[in-house]
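This one's a predicted model, so the numbers in the text were calculated from it and none came from an experiment.
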Amino acid sequence: MIPVFELLNTSGAVALLVGVVAVIYFYTRLGRTAPREHVPSIARYFGVAVLWAVIAFALGAAIGVYAACSTSDAGNLCGLYGFLGTGPLLCGVALFLHGRSWRKRLTRGR
């Protein structure tokens with residue numbers, strides 16, 4: 001089970017980076033493709049993105065800590081898998097989906 005946790009730790013950091021870059025990319029693309037009156041303000045867009053990211057990180061960290069620490073041979077640092085692996089992983093996925101949903105929502109009416 002340890003290789004799974006190592007993969008989660010690595011993919012969590014990569015997914016978080018991809019999610020942050022995707023949110024910025026989708027907002028800049030949104031400003032170019034959607035009509036100006038339909039583009040949300042930068043504060044609203046990134047405020048909602050941060051809200052989703054915090055919720056997803058907390059949920060991912062809770063799931064990761066529960067999965068890693070529920071075994072009988074869990075060590076002292078079992079909680080790190082949730083905070084360094086599944087938390088950032090779900091946070092990155094949530095950020096990507098947030099950016100993608102705004103893009104789909106505003107270009108659907110065209």
Side-chain angles (χ1 to χ4, degrees):
M1 187 119 133
I2 296 300
V4 172
F5 289 132
E6 291 175 6
L7 178 66
L8 277 176
N9 280 340
T10 308
S11 62
V14 171
L16 183 58
L17 181 64
V18 168
V20 168
V21 169
V23 163
I24 295 169
Y25 170 75
F26 285 133
Y27 187 76
T28 57
R29 287 287 291 180
L30 193 63
R32 286 189 228 140
T33 58
R36 188 70 184 146
E37 62 271 1
H38 295 291
V39 176
S41 69
I42 194 166
R44 179 179 177 202
Y45 182 82
F46 287 106
V48 173
V50 167
L51 180 69
W52 278 117
V54 168
I55 291 170
F57 183 85
L59 182 66
I63 290 170
V65 167
Y66 176 75
C69 296
S70 64
T71 61
S72 61
D73 61 343
N76 290 348
L77 302 175
C78 64
L80 288 179
Y81 292 116
F83 286 97
L84 298 178
T86 55
L89 180 69
L90 280 182
C91 183
V93 169
L95 287 172
F96 180 83
L97 292 176
H98 169 70
R100 189 70 183 150
S101 70
W102 271 101
R103 179 150 168 76
K104 280 190 168 197
R105 184 182 313 154
L106 294 180
T107 57
R108 189 179 321 151
R110 295 177 120 190

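Two different hydrophobic clusters hold Leu51 and Phe46 under the rule that ILVMFWY side chains link at heavy-atom gaps under 4.5 Å. Transitive grouping of hydrophobic side chains (ILVMFWY, heavy atoms separated by less than 4.5 Å) brings Val93 and Ile24 into a common cluster. Val20 and Leu84 fall into different hydrophobic clusters, where Ile, Leu, Val, Met, Phe, Trp and Tyr side chains are chained together by heavy-atom contacts under 4.5 Å.
Residue pairs meeting the disulfide (SG to SG under 2.5 Å) criterion with at least one member in residues 44-74, sequence neighbours excluded, are Cys69-Cys78.
Atom CG of Leu90 sits about 11.0 Å away from atom CG of Leu16, to the nearest 0.5 Å.
The two residues Ala15 and Leu89 come nearest to each other via the heavy atoms CB-CD1, 3.6 Å. Ser70 and Ala67 get closest at one heavy-atom pair: OG-O, 3.4 Å. Taking each heavy atom of Ile42 and Tyr27 in turn, the nearest pair found is N-OH, 3.3 Å. Pairing each heavy atom of Val23 with each of Leu95, the nearest pair is CG2-O, 3.0 Å. Between Pro88 and Gly12, the closest heavy-atom pair is CB-O, 3.4 Å. The two residues Phe26 and Gly99 make their nearest non-hydrogen contact at CD1-C, 3.5 Å.
Scored by the side chain to side chain donor-acceptor pair (under 3.5 Å) test, Asn76 finds no partners at all (sequence neighbours excluded). By the side chain to side chain contact (heavy atoms under 4.5 Å, CB included) test, Phe83 pairs with Phe57, Ala61, Val65, sequence neighbours left out.
At least one donor-acceptor pair under 3.5 Å links the side chain of His98 to the backbone N or O of Tyr45.
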